[in-house]
Amino acid sequence: QVHLVESGGGLVQPGGSLRLSCVASGSISGINVMGWYRQAPGKQRELVARITDSGTTNYGDSVKGRFAISRDNAKNTVYLQMNSLNPEDAAVYYCNAVRTYGMGFRSDYWGQGTQVTVSS
């Protein structure tokens, strides 16, 4: 099993910054992609950012230029640096990990989420 634990959420003013962390543990071999998704009340979960084991990144359109994802493979940790936050960024942020284990097969793992609130 893969266990993901997020941290770093909290209250920040508009224009401020937060850095989220996600530590992976357990049977983490074969994890190819890690990422962040978010979900606000009444909205569907959406991709924020993801990063492959080789360092290739992808971002949701709404966060491009403001957020940056990175990973430290030695620490089995992925980070999300969030800058220029606005109220529309407020959501529960979930860490995601993906393992591919055969042709056309994949497994997704999720953390419990960390709340990000953007308010004056």
Side-chain angles (χ1 to χ4, degrees):
Q1 296 292 318
V2 175
H3 304 280
L4 304 174
V5 179
E6 304 100 329
S7 63
L11 174 65
V12 64
Q13 293 183 328
S17 298
L18 284 174
R19 190 189 192 211
L20 307 183
S21 299
C22 173
V23 180
S25 62
S27 301
I28 61 175
S29 62
I31 296 295
N32 305 111
V33 180
M34 296 187 70
W36 293 92
Y37 291 72
R38 68 187 183 187
Q39 187 168 27
K43 299 180 66 177
Q44 294 185 338
R45 186 172 298 187
E46 65 175 346
L47 170 70
V48 178
R50 57 187 169 211
I51 185 168
T52 71
D53 53 3
S54 62
T56 302
T57 59
N58 298 98
Y59 295 92
D61 289 340
S62 64
V63 307
K64 288 180 179 178
R66 299 188 297 120
F67 292 9
I69 189 170
S70 62
R71 66 191 298 174
D72 186 338
N73 290 333
K75 296 181 178 180
N76 300 316
T77 302
V78 63
Y79 305 95
L80 182 68
Q81 179 66 47
M82 304 186 294
N83 300 320
S84 301
L85 287 163
N86 60 64
E88 293 186 351
D89 295 314
V92 177
Y93 284 70
Y94 296 93
C95 183
N96 166 253
V98 179
R99 172 188 286 129
T100 58
Y101 55 92
M103 183 67 70
F105 291 93
R106 58 181 279 167
S107 296
D108 283 77
Y109 305 91
W110 298 91
Q112 291 296 307
T114 184
Q115 176 72 53
V116 172
T117 302
V118 185
S119 176
S120 300

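Note that the structure is predicted; figures quoted are calculated from it, not measured.
Contact annotation: the side chain of L4 approaches that of M34 to within less than 4.5 Å [non-hydrogen atoms, C-beta and beyond]. You'll find the side chain of V98 stays beyond 4.5 Å of the side chain of N32, heavy atoms only.
The same ILVMFWY cluster, assembled from side-chain heavy atoms under 4.5 Å apart, contains both I69 and M82. In the hydrophobic clustering of this structure, Y37 does not group with V33; members are Ile, Leu, Val, Met, Phe, Trp, Tyr whose side-chain heavy atoms approach within less than 4.5 Å, directly or through other members. No continuous path of hydrophobic side-chain contacts links Y79 to V2 [ILVMFWY only; heavy atoms under 4.5 Å]. When the side chains of ILVMFWY residues are joined at heavy-atom separations under 4.5 Å, either directly or via intervening members, L20 and V118 end up in a single hydrophobic cluster.
Residues passing the side chain to side chain donor-acceptor pair (under 3.5 Å) test with Q39: none are found, sequence neighbours excluded. Shown here are the side chain to side chain contact (heavy atoms under 4.5 Å, CB included) partners of Y101, two or more places apart in sequence or in another chain: F105, S107. T52 meets the side chain to side chain donor-acceptor pair (under 3.5 Å) test with S54; sequence neighbours excluded. Judged as a ring-ring contact (aromatic ring centres under 6.0 Å, His included), and not counting sequence neighbours, Y94 has no contacts. Residues forming a side chain to side chain donor-acceptor pair (under 3.5 Å) with R66 (at least two apart in sequence, or on another chain): D89. In this structure Y109 satisfies the side chain to side chain donor-acceptor pair (under 3.5 Å) test together with R99, sequence neighbours excluded. The salt bridge (Lys or Arg N to Asp or Glu O under 4.0 Å) search around D72 returns none, not counting sequence neighbours.
For the atom pair L11 CG and S120 OG, the distance stands at 9.5 Å (nearest 0.5 Å). Note: L85 CG to E88 CD = 12.0 Å, rounded to the nearest 0.5 Å.
Sorted by first and then second residue, the salt bridge (charged side-chain N to carboxylate O under 4.0 Å, His left out) pairs involving residues 110-120 (not counting sequence neighbours) form an empty list. Listed by first then second residue, pairs satisfying salt bridge (charged side-chain N to carboxylate O under 4.0 Å, His left out) with a partner in residues 103-112 read R106-D108, not counting sequence neighbours. Within the structure, side-chain hydrogen bond (donor to acceptor under 3.5 Å, both in side chains) contacts touching residues 11-30 (residues at least two apart or in different chains) are S17-N83. Listed by first and then second residue, the salt bridge (charged side-chain N to carboxylate O under 4.0 Å, His left out) pairs involving residues 23-32 amount to none (not counting sequence neighbours). Sorted by first then second residue, the salt bridge (charged side-chain N to carboxylate O under 4.0 Å, His left out) pairs that include residues 53-63, not counting sequence neighbours, are D61-K64.
No more than 12 heavy atoms of other residues, nucleotides or ligands lie within 6.0 Å of CD in Q112, so this atom counts as exposed by the packing criterion.
Of all the heavy atoms in A90 and A40, the pair that sits closest is O-CB, 3.7 Å.
Of the candidates L47, V78, V63, N96, V78 is the only one forming a side chain to side chain contact (heavy atoms under 4.5 Å, CB included) with W36.
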Inset, instruction - With side-chain contact (heavy atoms from CB on, under 4.5 Å) as the test, would you mind laying out the steps for I51 and Y59 before giving the verdict? - result: CA-CA 9 Å; I51 185 168; Y59 295 92; over 6 Å; no

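Remark: the backbone N or O of R38 is not paired with any side-chain donor or acceptor of E46 at under 3.5 angstrom.
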